[in-house]
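Here the structure comes first, spelled out in structure tokens, and everything after it is commentary.
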Amino acid sequence: MSKTAPDVPLPDPSRWKALAFIALAQLMVVLDATIVNIALPHAQAALGISDADKQWVITAYALAFGGLLLFGGRIADLWGRKRTFVVGLIGFALASALGGAAQNQGMLFGSRALQGAFGALLAPAALSLLAVTFTDGKERAKAFGIYGAIAGGGGAVGLLLGGFLTQVLNWRWTFFVNIPFAVVAAAGAYFVIREPAGSRNRSSLDIPGVVLSALGLISLVYGFTRAESAGWSDALTIGMFVASGVLLLAFVLTEARTKSPLLPLRVVLDRNRGGIYLSLGLAVIAMFGLFLFLTYYLQVVEGYSPIKTGFAFLPMTAGMITGSTQIGARLMTRVPARKLMGPGFLVAAVGMLLLTQLEIGSSYTTLILPAQLLLGLGMGTAFMPAMSLATHGVEPRDAGVASAMVNTSQQVGGAIGTALLNTIAASATTAYATSHAALGATDPELLKLESMVHGFTGAIWWAVGILVLAAAIALTFVNAGRPSATGASGSGDTDAVEDEFKVPVVAH
């Protein structure tokens, strides 16, 4: 394999500035996933939203974001990633302004759906811009290290920022805060980002694929969301899962036959990318369970304020940043990706295992703090090579849809994690309360809290198993990433980069 590639253009001199604005946009999207959760009780009271309808603040966003991600990725490939990125940012800012100014539940729900739709444009465009901008092995490792740290740790920062804004100002600022993020990122992207020439996919848009994928993913996400509130045996819940299965099967059959598919099957049938999408989705299931249960534990059981709860999550953020930038990024060009992903998920599983020991009054410094550090280190180390490898080896014109699949696996994983683990926790809570009814007669409040904690720890055990499964899949399926002398050299040579990862570019 030749070491020289005269037809490859020189790296963009503004690429690190571009990374700053891409990272800022990614931070905004990740923050929004958790920041609204803190503000939800206050928004519910202010707008008179019923308990039955409050889930739509979360569900409207999840349905639009999850259902339109593949479409957003394809638009980025067709229309240009920079243009899609800027439009997504502007749209997200306008939707956030609408949400902050909401006067009734309809405005709030509509703004959340719009946020999800523009987020579905923005997220895959951001990741694919990184994929086509950073081609040198060492530089790619650093760029994706920063991106992975933000993707993993931004949720915890969202809890802190959401608590601060809600407690010091009011819930509306959890929406308004997105506007300066979006304006700065959009302006910076417009003036700084230079998308490589010849990287678009100008094939005609696959309309049947768009409709089938959107309806299939919306049905799947809504099925899991409804299962959380209505139960797994609910007729509509079952109907959503059946409809999703039929629609997604029809989508796969359509993509296999159409000339210009929305999702070229070569993207997902690659052994490495398929393993990454699956293991990332499983890891996110466990992560969402952790945020959910630990937030409730700290605020309801231990009586933490929203701001104190946000600060309590900072060690996980620090761990993720360290794992991603200091471990993953430094080792990615030296060891195979699976040897970072597998052990990373296992270290996170050990951290999750510590949290199965939670009790009323458990020590933060001796139990919760070390558990969070292990979780952060493990997830940061695993996410970083996963984000990079998920878009490596695809043709530039498929970068958008490959990036969309990363986000889709995370979004669907989040929906599954929230519904599945919350259902497990609720069942364990009810069983514990029933078997300890005598305690309820003497101290009903204590029984309520003990039952809640028992439910949390029961679900966390499942999260431990899910992380172990994610590690097994990463170690089994992901076989790319064997380093070579040229790959580690830091040259801008694309042959060297391909050598480094041993991922062949898929031929048409």
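Only this structure's heavy atoms are used, side chains among them; waters, hydrogens and symmetry mates stay out. Residue numbers start at 1 and run along the sequence shown. Since this is a predicted model, take the numbers as computed values, not measurements.
Under the 4.5 Å side-chain criterion, counting only non-hydrogen atoms from C-beta, L467 is not in contact with I285. In this structure, F477 and Y277 have side chains that are not in contact, with every pair of non-hydrogen atoms separated by 4.5 Å or more. Using a 4.5 Å heavy-atom threshold, the side chains of L475 and F345 count as separate. Inter-residue side-chain proximity for D234 and R226 is flagged as met; some heavy-atom pair is nearer than 4.5 Å. Looking at heavy atoms from C-beta onward, T317 lies out of side-chain contact with Q372 at the 4.5 angstrom threshold. Here the side chains of I22 and Q26 are not in contact, with every heavy-atom distance at 4.5 Å or above. At a threshold of 4.5 Å between non-hydrogen side-chain atoms, the residues F293 and L355 do not count as touching. Side-chain contact check for M316 versus M287: some heavy-atom pair is nearer than 4.5 Å.
Applying the 6.0 Å contact sphere to CZ of F311 captures no more than 12 heavy atoms from other residues, nucleotides or ligands.
Take F118 and apply the ring-ring contact (aromatic ring centres under 6.0 Å, His included) test, not counting sequence neighbours, and it matches no residue. Evaluation of the side-chain contact (heavy atoms from CB on, under 4.5 Å) rule for V453 yields Y297, V301, L358, I360, T457 as partners, not counting sequence neighbours. V350 is linked by a side-chain contact (heavy atoms from CB on, under 4.5 Å) to L374, counting only residues two or more places apart in sequence or in another chain. Among residues two or more places apart in sequence or in another chain, the side-chain hydrogen bond (donor to acceptor under 3.5 Å, both in side chains) test is passed with S219 by none. The side-chain hydrogen bond (donor to acceptor under 3.5 Å, both in side chains) test applied to S213 returns no partner, not counting sequence neighbours. Residues satisfying the side-chain hydrogen bond (donor to acceptor under 3.5 Å, both in side chains) test with T434, not counting sequence neighbours, are none. Legend: residues meeting ring-ring contact (aromatic ring centres under 6.0 Å, His included) with W462, ordered by chain and number and at least two apart, are absent. With sequence neighbours left out, the side-chain hydrogen bond (donor to acceptor under 3.5 Å, both in side chains) criterion links N170 to no other residue. With sequence neighbours excluded, the residues forming a side-chain contact (heavy atoms from CB on, under 4.5 Å) with I218 are L63, listed by chain and number. Partners of Q326 by side-chain contact (heavy atoms from CB on, under 4.5 Å), not counting sequence neighbours, listed by chain and number: T322, R330. When the ring-ring contact (aromatic ring centres under 6.0 Å, His included) test is applied to F65, the partners found at least two apart in sequence or on another chain are Y61. For F85, there are no ring-ring contact (aromatic ring centres under 6.0 Å, His included) partners two or more places apart in sequence or in a different chain.
Residues A286 and A463 come closest through the heavy atom pair CB-O, 3.8 Å. Counting all heavy atoms, side chain and backbone alike, L24 lies closest to F181 at CD1-CD2, 3.4 Å. Scanning all heavy atoms of the two residues, the minimum distance from A120 to A64 falls at CB-O, 4.3 Å. Closest heavy-atom contact between L282 and I473: CD1-CD1, 3.4 Å. Of all heavy-atom pairs spanning S362 and E302, the tightest one is N-OE2, 4.3 Å. Taking all atoms of both residues into account, the shortest heavy-atom contact from A337 to P385 is CB-CB, 4.2 Å.
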Is there a side-chain contact (heavy atoms from CB on, under 4.5 Å) between F383 and L280? Walk through the geometry before answering.
CA-CA 8 Å; F383 274 28; L280 272 183; 3.8 Å; yes
After noting the C-alpha distance and the side-chain angles of F241 and W232, does the key distance pass the side-chain contact (heavy atoms from CB on, under 4.5 Å) rule?
CA-CA 10 Å; F241 286 134; W232 296 92; 3.8 Å; yes
Quick one, L217 with L69, criterion side-chain contact (heavy atoms from CB on, under 4.5 Å). Give me CA distance, side-chain angles, the key distance, then yes/no.
CA-CA 9 Å; L217 288 171; L69 270 169; 5.7 Å; no
Report the C-alpha separation of S279 and M341 in whole Å, then their side-chain angles, then the decisive distance to 0.1 Å, and conclude whether the side-chain contact (heavy atoms from CB on, under 4.5 Å) test is met.
CA-CA 9 Å; S279 61; M341 292 179 63; 3.5 Å; yes
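The structure places OG1 of T476 at 8.0 Å from CZ of R271, a figure rounded to the nearest 0.5 Å. Note that the OG1 atom of T381 and the CG atom of L346 stand 12.0 Å from one another [nearest 0.5 Å]. In this structure, the separation between CD1 on I179 and CE on M28 is 10.5 Å, given to the nearest 0.5 Å. In this structure, CG in L375 is found 7.5 Å from CE in M320, a value given to the nearest 0.5 Å. Going from atom CG of L373 over to atom CD1 of I368 covers 12.0 Å, rounded to the nearest 0.5 Å. If you take CZ on F313 and CG on L294, they are separated by 4.0 Å, rounding to the nearest 0.5 Å.
A perpendicular orientation is assigned to the rings of W173 and F176, their planes being inclined by more than 60° (bins at 30° and 60°).
Judged purely by atom type and a 3.5 angstrom limit, T237 has no side-chain atom pairing as donor or acceptor with the backbone of S233. Side-chain N or O atoms of H454 include none that pairs as donor or acceptor with a backbone N or O of E450 at under 3.5 Å. With Y364 contributing its side chain and A312 its backbone, the two residues share a donor-acceptor pair below 3.5 Å. Under a 3.5 Å cut-off, the side chain of N272 and the backbone N or O of N479 do form a donor-acceptor pair.
Side chain to side chain, S96 and Q115 meet the donor-acceptor criterion of an N or O pair below 3.5 Å.
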